[in-house]
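All values derive from a computational prediction rather than experimental measurement. Order of the sequence lines sets the chain letters (A, B, ...), proteins ahead of strands, with each chain counted from 1.
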There are 2 protein chains.
Amino acid sequence: MKECKNVCDTQSCFVCQRCLPDWLPAVKAQRINFEVKKGQSIFAENDLVSGIYFIYSGTVKVHKRWDKDKELIIRFAKAGDIMGHLGLGKDPKYPVSATALEPTVLCYIDRAFFESTLKVNTDLTFKLMHFFADELQHSRKSMLDFVHMSVKARIAKSLIALRNQFGMSADNTINLELSRQDLASFSGASYETLFKVVNELTLNKIVELTGRRIKILDEAELLNIINQDNLNVK
Amino acid sequence: MKECKNVCDTQSCFVCQRCLPDWLPAVKAQRINFEVKKGQSIFAENDLVSGIYFIYSGTVKVHKRWDKDKELIIRFAKAGDIMGHLGLGKDPKYPVSATALEPTVLCYIDRAFFESTLKVNTDLTFKLMHFFADELQHSRKSMLDFVHMSVKARIAKSLIALRNQFGMSADNTINLELSRQDLASFSGASYETLFKVVNELTLNKIVELTGRRIKILDEAELLNIINQDNLNVK
DNA sequence: CGAGTTGTTGACCTACTTCAATTCTCGTGG
DNA sequence: CCACGAGAATTGAAGTAGGTCAACAACTCG
């Protein structure tokens, strides 16, 4: 991980202004930007928490391995998102790993400095608390979905989620290239099962996967699958 | 839900002092205590968020139905715990339900008042943020466990979790009476499967279930089951 | 052009869930 | 005090989603 040449400490620096979420102006002084190559690890589970990361550009997957070739992707993070905030809790270890999916520029803020900023800046802390409340709600929801939805519905949900987070271009292609492997990990399914389901969806003209490109052809039908499944469990 | 006679607004009130977590002294003025009967609902999913609850005494299950006779118990809450804090997020609805498992006394704090207290009290907000970070970490972890652990291991984990949260008396009985139905919902398994697994555990002298009483005889073996399973997934 | 990944597919296999049948338990009214 | 009915406990049998494995195709990259 080499230090980015865009290290900056003035308001006028374009890079850093974008690097931080707009509600975090207070920490603009003490920070360092890093550049990470595609596929490179940013932090790994059980690493000691040393700070918090903000993404300036690129995309990162936050994931947890539980075996050599098995992992669950918990979420994706893109420009403007926070990472490593779980380290703010009691346990001073990152419970998950983060790996860059494309060349990524990150902004790193030392934990001690971040915490002392929080102590001073009520408003910031308040907003961060709200952010956590939202995250928690979202996390709970996806946990429930995992437990009671079928793999097919989970895949449909994953696709919709990707679309919502990254948007799609005019031709309905999701603005994120993703391997099937990662898609499987994100849906909590085995690679082969994902393949079979995606195949079926392709035959029914609901989605189209060419290489790492994902195209959603029939969103209504995807939503249908998700809902049907909710009912089918009866 | 009838108003409890122990409504109080002075420091000297025993009830209210215990009702609030020790790090929340600031809100001691504006609150109301309620009494809830066993099995009674405190709030249900999609209810509009009106406030936040603290448990003074008793036990509550926080759960989500997804069908008439299917639910997942997300967590249990006991004296001193917070409930309904997810409503602090963007979406002004409770995403889950809460139901009393035994006669319970709750302390209710209006959302607006709670929020304005937070705005003033930096330290409180800071601690709450940390609490959320911990919760989030815990929530993520249990999501992962659900995805990759076998039912047997999930049940073992549930038992350990109950022991940790509620403790056990001298004869190794967990200090919480729980129906098998609820135990199944907590482990994310069907009633029958839970039964069979519990049966096996009983035969092997690992646990003992008599009625709603749960006794842990061989904790080491339970932990073993959890770990074995982690490995078995290979 | 081989050797090594990475896609594709089919055939099992297993851990659950679901369903159905039976027994047990306990409250209630005759 | 007993009978009886409702609901829980208990158990077995059958069905199924989806994970695993193994084989092959197809596409890289030296």
Side-chain angles (χ1 to χ4, degrees), chain A residues 38-39 65-72 101 144-158 177-203 207-214 225-226 228-234, chain B residues 38-39 65-72 101 144-158 177-203 207-214 225-226 228-234:
Chain A
K38 177 175 173 174
R65 319 200 81 81
W66 76 78
D67 188 61
K68 186 161 50 61
D69 38 46
K70 256 184 215 175
E71 66 174 11
L72 185 76
L101 285 178
L144 281 156
D145 289 345
F146 261 107
V147 176
H148 83 271
M149 282 168 75
S150 73
V151 164
K152 189 173 170 186
R154 291 207 305 258
I155 290 172
K157 198 181 82 94
S158 301
E177 306 223 326
L178 204 57
S179 74
R180 279 142 208 260
Q181 192 55 261
D182 279 342
L183 204 50
S185 299
F186 188 45
S187 316
S190 73
Y191 179 80
E192 290 93 333
T193 305
L194 176 106
F195 186 86
K196 286 159 192 171
V197 172
V198 160
N199 226 10
E200 187 196 329
L201 294 179
T202 306
L203 289 175
V207 298
E208 198 180 306
L209 285 201
T210 43
R212 298 162 60 85
R213 259 195 201 91
I214 305 166
I225 290 172
I226 298 175
Q228 256 184 353
D229 205 77
N230 274 333
L231 300 176
N232 275 351
V233 191
K234 213 194 48 172
Chain B
K38 177 175 173 175
R65 319 200 82 80
W66 75 78
D67 188 61
K68 187 160 50 61
D69 38 46
K70 255 183 216 175
E71 66 173 11
L72 185 76
L101 285 179
L144 281 156
D145 288 345
F146 260 108
V147 176
H148 83 272
M149 282 168 76
S150 73
V151 165
K152 189 173 169 185
R154 290 206 308 257
I155 290 172
K157 197 181 82 96
S158 301
E177 306 223 325
L178 204 58
S179 73
R180 279 142 208 260
Q181 192 55 260
D182 279 341
L183 204 50
S185 299
F186 188 47
S187 315
S190 73
Y191 179 80
E192 290 92 332
T193 305
L194 175 106
F195 185 86
K196 285 159 193 171
V197 172
V198 160
N199 226 11
E200 187 196 327
L201 293 179
T202 307
L203 288 176
V207 298
E208 197 180 305
L209 285 200
T210 43
R212 298 162 61 86
R213 250 185 211 100
I214 306 166
I225 289 171
I226 298 175
Q228 254 186 354
D229 205 76
N230 273 334
L231 300 176
N232 275 351
V233 191
K234 211 193 50 164

Are OP1 or OP2 of D:dT11 and a side-chain N or O of B:Asn199 less than 4.0 angstrom apart?
yes
Expressed as a whole number of angstroms, how long is the span from B:Lys70:NZ to C:dC19:C1'?
12 Å
With distance as the sole test, does B:Arg154 use its side chain to make a donor-acceptor pair with the main-chain N or O of B:Gly188 at under 3.5 Å?
yes
Sorted by number, the residues of residues 185-197 of chain A with heavy-atom contact under 4.0 Å to DNA chain C:
A:Tyr191, A:Glu192, A:Phe195, A:Lys196
From CG of A:Leu203 across to P of C:dT8 the rounded distance in Å is 12 Å
Closest non-hydrogen atoms of A:Ile225 and A:Ala156, given as atom of the first, atom of the second and distance, are CG2-CB, 4.2 Å
Can you tell me how far C1' of D:dT16 sits from NZ of A:Lys152, to the nearest Å?
15 Å
Heavy-atom closest pair, residues B:Asp145 and B:Lys157
OD2-NZ, 3.1 Å
Take the protein atom CZ of B:Arg180 and the nucleotide atom C1' of D:dG7, then report the distance between them rounded to whole Å.
15 Å
In whole Å, I'd like the distance from the CG atom of B:Asp182 to the C1' atom of D:dA9.
16 Å
Take atom NE2 of A:His148 and atom C1' of D:dG18, then tell me their distance rounded to the nearest Å.
18 Å
Could you tell me the separation between the CG atom of A:Leu209 and the C1' atom of C:dT6, rounded to a whole number of Å?
15 Å
Donor-acceptor contacts, no H, no angles, side chain residues 192-202 of chain A, under 3.5 Å, sequence neighbours left out:
| residue | atom | partner | partner atom | Å |
| --- | --- | --- | --- | --- |
| A:Thr193 | OG1 | A:Ser190 | OG | 2.8 |
| A:Glu200 | OE2 | A:Lys152 | NZ | 3.0 |
| A:Thr202 | OG1 | A:Val198 | O | 2.7 |

Over all atoms of both residues, closest heavy-atom pair of B:Ser179 and B:Arg212:
CB-NH1, 3.5 Å
A:Gln181 atom CD is separated from D:dG19 atom P, nearest whole Å, by 13 Å
So, for A:Ala184 and A:Tyr191, which heavy atoms are closest and what is the spacing to 0.1 Å?
CB-CA, 4.0 Å
